[in-house]
Amino acid sequence: MAGTVANKCLSPLTFITRRLSAPEFITQCCYHKKVVDHYENPRNVGILDKQSKNVGTGLVGAPACGDVMKLQIEVDDQGKIVDARFKTFGCGSAIASSSLATEWVKGKSVDEALMIKNTDIAKELSLPPVKLHCSMLAEDAIKAALADYRLKQQDDQQEAVRASN
Amino acid sequence: MLSLNYTRIVRSARALLHPHWLLTKRESVYKAVTCSARCITTSLPLKDTWHSSRSLKALGKGRSYHSNLLLRYYSTGQVELNCWKCKQPLDQSPAFFCMSCKVVQPPEEGTSYFKIMDCDCTFTLDTQKLQKRYLQLQRSLHPDNFSHKSVKEQEYSETHSALVNKAYRTLLKPLSRGLYMLELKGISIEEGTDSGADPEFLMELMEINEALHGARTSEQANEIGKDAKGKLADLTKEIDAALLKGELQAAKALLAQMKYYANIEEKVKEKLSELM
């Protein structure tokens, strides 16, 4: 019973609050309006050119729930993130977390973006305890994208050194 | 000879702490223990009359208060239970009804779903047999059969019936079955990112998901669904092999992959209903 009710709640257009009596779910099961907003009006869905040297791509998966999340950032020559895109296949909370993440990284430097914590994302979206791992996924996606960008920059520098020799 | 039997009790009782024993060797352990218990009680001094009279009485039925105490101290209440109503021993495991007074029993804590559904603890499972057993159990356990019985019996039938439901649902699908088998061995898939995931694999998943999202006809969606089913069938074989060999970490990784494809299968169904 808990399973079917939870499934029903996962439908994005559920605005009705349900209280589940099964012992595993004591929290209210309803998506916060911010999550619904991000789900229905996601910001920055799309892709950036993966091959570009200024683009870092983070691809993460959560095996427990089977969500996959891709987050890409475009960094200018001053080290500032000028654009970000995401694609997430998973629950509403995962989509909202990654959408919010792309909003937040824009305009930040690479080091500032590293400071974004999953707890901030969860707080902003009022994620219930069962969905905290979605915000973790978003934080890991940001870090993966930044790591990929850093790697590309290092490879670039090494190439430049080799070329000059 | 007595000391030998006593050590047998202690050894068997210790073995009860091992989960594997709980699943398979319950009956044989029980028999060994009662036999040893019989030997112990014959040598006990008859000081406490209540105690001794109970022992002697129980002896006739092949068990003793002393052995009950010993077993309860060591075990988690697994090995021997008595009917809550007539106090007769429940000789079956799992015991749904008392053999003597036929009254419904509450479920034993910690009984494995495989035991409840009378299936071997293997990944390959005869789902027909599972379904038959499920229907057979619910025919007798369902709370509707207890509407005119006592409140306690109604409660017990509810908990027992709910447990049978849970066991059936878990064992029916390969994914939940595999995850449950790992859980029995103390392994679970942690929530959060899989840092060891193969990027190629994730990329492939992304592409499949994107293709499904962009599908405009049922044929396209069905094609993706067919591929996913094929992948799931392959994974089922691999997981079975891994679990048989006891390669639990490999099985865990494969089950994680299965989760992703199971999600895709769900999404295909949703897409098909959308496209209709």
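Numbered from 1 within each chain, the chains take letters A, B, ... in sequence-line order. The basis for the numbers below is simple: all heavy atoms, side chains too, and nothing from hydrogens, waters or symmetry mates.
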Side chain, backbone, both or neither: which part of [X] has a heavy atom under 4.5 Å from chain A?
| X | answer |
| --- | --- |
| B:L202 | both |
| B:E190 | backbone |
| B:N209 | both |
| B:M203 | both |

Could you check A:K87, A:K106, A:E103 and say which one makes a side-chain hydrogen bond (donor to acceptor under 3.5 Å, both in side chains) with A:N44? A:K106
Are A:R85 and A:D83 ion-paired here, with the side-chain N under 4.0 Å from a carboxylate O? yes
Lys/Arg N to Asp/Glu carboxylate O, B:E204 vs B:K231, below 4.0 Å: yes
Aromatic plane relationship, B:Y168 with B:Y134 - under 30° parallel, 30 to 60° tilted, over 60° perpendicular: parallel
Under 30°, 30 to 60°, or over 60°: which ring-plane class applies to B:Y180 and B:F114, parallel, tilted or perpendicular? tilted
Tell me, side chain or backbone of A:K143 under 4.5 Å from chain B's heavy atoms, or both, or neither? neither
Identify which part of A:C134 has an atom lying under 4.5 Å from any heavy atom of chain B, answering side chain, backbone, both or neither. neither
